[in-house]
Structures are given as C-alpha cells and as structure tokens.
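Letters A, B, ... mirror the listed sequences (proteins, then strands); counts begin at 1.
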Amino acid sequence: MIKITLPDGSIREYEKGTTSLQVALSISEGLARNVLAAKINGEVWDATRPLNEDCNLTLLTWNDTDGKQTMWHSSAHLLAEALEALYPGVKLGIGPAIESGFYYDVDFGDKPITPEELPKIEAKMQELANKKSEYVRKEVSKADAIKYFTEKGDQYKLELIDGLPDGEITFYTQGNFTDLCRGPHMPNTGFVKAIKLMNIAGAYWRGNEKNKMLTRIYGITFPKDKELKEYLVLLEEAKKRDHRKLGKELELFHFSEKVGMGLPLWLPKGAALRERLIQFMQRAQIKSGYLPVATPHIALKDLYVCSGHYEKYGADSFQPIKTPRENEEFFLKPMNCPHHCEIYKASPKSYKDLPVRYAEFGTVYRYEQAGELHGLTRVRGFTQDDAHLFVRPDQVKEEFCKVIDLVLHVLNALDFKDYTAQISLRDKEDRSKYIGTEANWTLAEQAIIESAAEKGLRTVTEYGEAAFYGPKLDFMVKDAIGRKWQLGTIQVDYNLPERFELEYTGSDNQKHRPVMIHRAPFGSLERFIAVLIEHCGGNFPLWLTPDQIAILPISERFNDYAHEVLQLLNNYDIRGYVDDRDEKIGRKIRDNEMKKIPYMLIVGEKEVADRKVAVRKHGQGDVGIFSMEEFSDIIKNEIENDFKKGTVKEEVK
RNA sequence: GCCACUAUAGUUAAGUGAUAUAACAGUUGAUUCGUAAUCAUCAGUCACAAGUUUGAUUCUUGUUAGUGGCACCA
C-alpha cells in the first residue's frame, strides 16, 4: 500500500500501482471525468501513470494552468496525427503547448500548405478526437527510438533523440500516431471538443536562422465549444485596443512610405501626449537630482569604436554619413551613453561630486530589419528618456534602488499593475559574447539581484539576456494581444567607464573608476505610448490626455459663451476645444464620445443665464450642472488622485 | 533578413478581363437644434513598375509597404 496526500492535507491509502485517475474515481466519478493530468510531488504526470510510492497528489483539470497545458500539448499531437493522415510524408519538428494553445513545426517538403486548408485539418482533428484514443506512454531505449524514426525517415526527431541521454526517452502513442515526447498527456483525445487552427507561420528549425524554415501551425483547443467562441470574441475585443488602430482613430501618429518605414510621424494630438509624458518625467528627474544635458544626432565613428558599439553593431547600423571634403565618417546616434561619457569627461570629478546623473530625451536611430518593425513598439527612430548615472562603487546599490523607485513611480502613475521585472544575466555557458571582467560582472549581477529583492519586485531571471556590456533589469508589460514588451530598463555598466577612461579623485587623492548605470523608465517613448494606448484602450488618464474637455454649444447662438468658457478653463490649466460645428447636439455628443474626450461641457440657454456648464462624462453620461470653479475642482481632484498612487522621494544632497 | 498572407477614396469595406460601389470623414448649401448619427449637394480612388491581352484595377512577374510568425533587438 502507498500513502497519497491530497491538497487538502488528507492522506489516503491505495494499492501500489494505482493511477491518479483511479484515485480521482475513488473521490468522485465527475471529477474523474474531468481529470487531464496530475501533479505528483510538484511534477506533472499522466493521470494514467501508475503511482508506486507515497506522494503528494493534485488532480489537474481544465481549471488548472497545468491542466490546460497538458490538453494543449496533447492537442499538438492530435494536429500531428491529422497532418500525417492528410499529408503523408510530412516530417515533424516539435509541437509544444504555449501560453494560449499550441503549435507544431512541420516540414511539408516542396508542397507548402495554404491557410485555406486549415478548416480541413481542423475537421480531421475533431474526427480523430472523437475516437477517444488513449495516449499511451512507453519507455524506449535510444537504439529503438533511433530505429523507429530512421524507418519513418524523420530527420528532425532523430536530431532531437541525438541530444537525449539513453534511458530517458519516451514515446507517446494515440491512435495511429506515435511521437517522441516527454509528456505528460491527457488520458484520451476525447477531451477536445472545439478546435481552432489560428494561423500559419514560418519558423526556423530549433530557432536558428541558419537552419531550414519549417511551417508552424498555431492552434488552440477547448473542452467546450462555448469557450472557443468566448476566446475568439476576446481576441476581437483585444484587436480594438491595438495601438495602431487607435493611433489612427485618435489621430496620434502616422507612418508614411515616403518618410520611410519604422519612422513615426507624431500628429499634433500624439505630440501633445508625448510632451506631457516628457514633462512628467522631467519633473520627477529634477526632484531626483538629475541634470539635463543635450547632445547632437550624429557623432564621429571613433566615438563608437571607443565605446565598442562599432565592433558589435557597426555592420548592422545605418551606414556612415561622410563629409564631402575631409571624408570623415559620422554615424547616426544609436545610443546616448557615449556622448554622456564625454560630458562626464569634460571636467575633473571628485568623489564628492558623485553620483552625477545626466538626463536627456535623446532620439536615436537603429537599423531594425524590415520584418521586425511593428507599429510604435519597434521602430527605427525613437526617443529614449535616457539618463546615465556615474557613481562610486559603494553607491551602486543605493542608486539602483532609487532608479527602481522612479520606474515604479511611472508605472504607478499610469496604473500599470501587471508587469514583471526581468533580471537579465549572462549566458551560463557561452561567455564569449560579453565584454568586461568576471569580477565586475559578478558585482553588477549581485547589485541587481539584491536591489530587486529589496524592492520586493516580482522578478523572473533570464540567463543569456544580458546586454553585451552588462546585466540589466527590464520591466516587461503585455500589450492588448498578450505580447510582452520591455518598457523601463536599468543596466549596470562597468565597461564604458573603462573604455572611456572615466575617473574621479577619491578621498585618498587617488584616481578611481566610476560605475555607470544606464536607465530609461519609459524605455522608448514610442513603445511606452504604444503599450499605454493598449493598456487604457485610448482612454488616457486626465492629466495626460491631449484634450480633456470638449465644449458643445447647443446651437450657434451659444458659440461665444462656449469660447468664453474655454478661455476661463484654460486659466485653470484645463485644455480642450469648442465643437462649434453646425451640427445638432446629439451628433456632437456622439462624435466626441467616439474621440474618447473625458468631459463634454454642454452650454445652451440655461447655462448662459446661470454662467454654468452641463457636464457629461465619457462613458457615463450626464453628471449635472456646475459652475466653472466647481468643474475645475472636479478636474483637479481627479488628476491629484491619479498622482497619489506614485511618489518620488526628494533628493537630499 | 526568412516563411506565409494582404494592398481598391482620408478611414472601413463591396466588386469586375471592357477604367468601379457604398458608408463614414471632407466640400458647399439649408437648418439654430438640449445629451450617442438633421437633410441635401459636390468631389475624390483600383500601391508602384513591367509583362500577357484587342482591352488589365482584375491574370503573371518584380518593387514598395503592411499583417501574422521566426530570427534579431546596444
């Protein structure tokens, strides 16, 4: 007999070799019907796998993330089975579950499939699912595994087997399909009741661009048809928040083929938004002891040779601009840091001067490959809210923590709650791509890890994601359709001070090397605004929105009063416009609702007589009649509330 | 850059081997209006280039740009 501990703490005894599914059955038949997999001592197992020792057991259903993942992974196998049935001779790559659904990478040989064929594949999958074929796990020797796939002629699987140790290889079979797979899988294919193959894309085998490109088919499955429908509706809703769509509708920015791809043009309303964000950051930075600096858009090649950027990115940058006579080479600036190093060097520094914090809204240009451009999130010309802190080694952690505060101030002020801080460290094995000494890297990595822990950030650690010159802490936020983007970034750099031979005089009267911290709480303004648009669905916080109010005269007769109201409210720092088009009030309301204007002030006979305004709030409707002073208080309070959430400590120096 | 798909007016779309349709936006005029679309009027386009064809917006090829991925991201 073995003892099985259930999540509620109760312990039950079963015969050795009992499966999780049988355990479920002993609890309730309904539960057993819904069990997709089981978590055994924290590890996800097939529900049909025999249990031979005492263990903790959690049954997993569709309501558990791991349950969903199991079903989606099994669905990938179902897709593969359907593909083998419909397209004999296809070669299979890998087919994992992903955050929403699954994919399978397939080599169709010389006859690629088209999106029109997807419904046919879906139908086949459903047909196979309805057979309720069991997923059967089998441990195989490496030799047998190689034999099987050699006979099948699937070189991709053979390549995968090649990298696996003998004795740890398992096959899973359902129906007529057998795949190399670690598992786990759901008990049988019958759980799949709704299937949607989303799209087809190319993907390099094993993610290496030197390898062949396989066809990747993305799909998702559900245990109920209703859930699929809901999911598709959700996707539609998300598309409505796409910043590219809203940017057009709200007249924020524009791309022109004539100007060039990836080069955003900011329209007046978008520019107004940008300006507000810049002001917001400038205020916070002044409080935190930053010194504004400004640098040109081009610099001599030598600057980037010195910084190391030329060696690393020279070939993948916009190519140099040459002077006609001297033939000097200038590069468009891809970073602000080398310039700031030169500013640091412009005067001798004492240990008493540090930390020095140079801040610049610097516009930089990077040659991004055509295929990677995406709305405002990935562009070729963008503005960073960049700053470089030159600090003594003993100040690194304190300064790092202060920068985290600043980033949190930004995220709080804009109501971002769902973010993760990603700690990017060196690749564990390959260290050839990094420059700088082992000791400095270790110091920097430690500083980041400790600061993040001290600030209580929710972190994920990624090895191999560090910049070539140092580790970093990135704040990752999701867009409307779940794609993750890096916003704020903080990076420790021991390399540039070395390369630029930066120094300060210590209390010992000796020369010392400062440490540099790169930081950009927004990251790039372009990307930040893109994510912000999607985050708030175009309904910006009142302090930020380009137009806070629209004044709507009932008819032409009240236009003069409307303009007078605007003038008065301008004096209270409230901005907006008068909608004095020759339209009926219903029309004006509709149009301004669509433009997501936070407050509409309607003025007619009564309002003129009382010198008041009828206030209508976006998305809520009529909220009553107020005097200008009362209305200004409403606005002021709302803005204050937005800001109460974030705080920046005053810098005392 | 790679794989696949797309390109019709400012926007969103319909359609065709004989130069094309609608809605909204825009113009002009009427209307002077009380909380999500007043009526009428006018105007404007088949991304670009080459080819096939009596004839191409439609078919083919190329270019450019966009979309979904992959790879890349100082």
Verify the stacking flag for A:F468 against B:A74: centroid separation must be under 5.5 angstrom and the ring planes must differ by under 30 degrees.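 No, A:F468 does not stack on the base of B:A74, since the centre distance and plane angle fail the 5.5 Å and 30° test.
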
Rounded to the nearest angstrom, tell me the gap between atom [atom1] in [X] and atom [atom2] in [N].
X	N	atom1	atom2	value
A:K239	B:U12	NZ	P	14 Å
A:D579	B:G34	CG	P	16 Å
A:K588	B:A36	NZ	P	15 Å

Neighbour count above 12 (heavy atom, 6.0 Å) for A:E311 CD: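 No, the 6.0 Å shell around CD holds no more than 12 heavy atoms from other groups.
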
More than 12 heavy atoms of other groups within 6.0 Å of A:E99 CD: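 Not buried by this count: 12 neighbours or fewer within 6.0 Å.
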
Closer than 4.0 Å, any side-chain N/O of [X] to the OP1 or OP2 of [N]?
X	N	answer
A:K212	B:C2	no
A:R206	B:A71	no
A:Y218	B:C70	yes
A:R483	B:G68	yes
A:R244	B:G68	yes
A:H374	B:G69	no
A:K258	B:U64	no
A:Y204	B:A71	no

Nucleotide forming a Watson-Crick or wobble pair with [N], both distances under 3.5 Å:
N	answer
B:U38	B:A30
B:G68	B:C3
B:C59	B:G51

Residue [X], side-chain heavy atoms: nucleotide from [options] that is nearest:
X	options	answer
A:E209	B:G34, B:G69, B:A71	B:A71
A:M594	B:U38, B:U64, B:A36	B:A36
A:Q369	B:A74, B:G1, B:C33	B:G1
A:I585	B:G68, B:U35, B:A74	B:U35
A:R557	B:U32, B:G68, B:A71	B:U32

Would you kindly check whether a donor in the side chain of [X] faces an acceptor in the base of [N], or vice versa, at under 3.5 angstrom?
X	N	value
A:R616	B:U35	yes
A:E607	B:G34	yes
A:R378	B:C72	yes

Select base, sugar-phosphate, or nothing to describe what A:K606 touches, counting heavy atoms under 4.0 Å on all strands.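 Base: the residue A:K606, judged by heavy atoms under 4.0 Å, touches a nucleobase.
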
What contact category does A:M213 fall into here, base, sugar-phosphate, or nothing, at under 4.0 angstrom with non-hydrogen atoms?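 Here A:M213 touches the bases of the nucleic acid.
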
Between A:R426 (side chain) and A:P471 (backbone), is there a donor-acceptor pair under 3.5 Å?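 Between the backbone of A:P471 and the side chain of A:R426 there is no qualifying donor-acceptor contact (under 3.5 Å).
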
Atom pair OG (A:S424) and CD (A:Q491), whose distance is rounded to the nearest 0.5 Å: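 Those atoms lie 8.5 Å apart.
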
Search all heavy atoms of A:V305 against all heavy atoms of A:R499 and return the closest pair with its distance.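 Looking at all heavy atoms of both residues, the closest pair is O-NH1, 3.6 Å.
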
For A:F558 and A:E605, run side-chain contact (heavy atoms from CB on, under 4.5 Å): C-alpha distance rounded to whole Å, both residues' side-chain angles, the deciding distance at 0.1 Å, then the answer. CA-CA 8 Å; A:F558 313 109; A:E605 193 92 52; 4.2 Å; yes

